[in-house]
Amino acid sequence: MLREIAEDVKNSAYEIIEKKNAAYYGIALSMPAIVGANGVETHVPISLNEEESKALNHSVETISGIVSQLSL
């Protein structure tokens, strides 16, 4: 189930870009936060098990590698 959620989240950005008929100019890896009228008020700490932590780190490495190859 976690893999399905991760896949859905990963692909949702492409769907949003396509539906907005826009190109992306940046990629953000975000963590849960409480957002108020003036932006982020505080970050919400989360606990990741070893598998989730490895998957997050893999995502960061993958995104970093792709971004480094782009000429934006």
Side-chain angles (χ1 to χ4, degrees):
M1 176 151 176
L2 286 177
R3 291 184 200 279
E4 290 174 20
I5 293 170
E7 193 67 22
D8 287 347
V9 169
K10 180 181 76 173
N11 293 327
S12 66
Y14 301 112
E15 292 177 31
I16 292 167
I17 291 166
E18 182 180 330
K19 289 178 181 174
K20 291 178 77 174
N21 195 24
Y24 71 92
Y25 296 100
I27 298 173
L29 181 65
S30 63
M31 301 303 280
I34 296 174
V35 180
N38 297 315
V40 174
E41 293 182 4
T42 186
H43 293 277
V44 178
I46 61 169
S47 297
L48 300 175
N49 65 34
E50 187 175 344
E51 180 181 347
E52 293 166 331
S53 183
K54 285 180 181 180
L56 178 61
N57 287 328
H58 177 71
S59 294
V60 169
E61 291 170 5
T62 301
I63 291 170
S64 295
I66 293 169
V67 169
S68 71
Q69 296 175 24
L70 299 175
S71 55
L72 299 176

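Since the model is a prediction, treat every value here as computed from it, not as a measurement. Heads up: numbering here begins at 1 and tracks the sequence.
Between Ser64 and the options Val60, Thr62, Ile66, a side-chain contact (heavy atoms from CB on, under 4.5 Å) holds for only Val60.
For Glu61, the salt bridge (Lys or Arg N to Asp or Glu O under 4.0 Å) criterion is met by no residue, not counting sequence neighbours. Residues satisfying the side chain to side chain contact (heavy atoms under 4.5 Å, CB included) criterion with Ala55, sequence neighbours excluded, are absent altogether. In this structure, Glu41 has no salt bridge (Lys or Arg N to Asp or Glu O under 4.0 Å) partners at least two apart in sequence or on a different chain.
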Side-chain polar contacts of residues 44-52 - donor-acceptor pairs under 3.5 angstrom, sequence neighbours left out - could you list them?
from  : atom 1 : to    : atom 2 : distance (Å)
Asn49 : OD1    : Glu51 : N      : 3.0
Asn49 : OD1    : Glu52 : N      : 2.7
Glu50 : OE2    : Lys54 : NZ     : 3.2
Glu51 : OE2    : Arg3  : NH2    : 3.4
Glu52 : OE1    : Asn49 : N      : 2.9

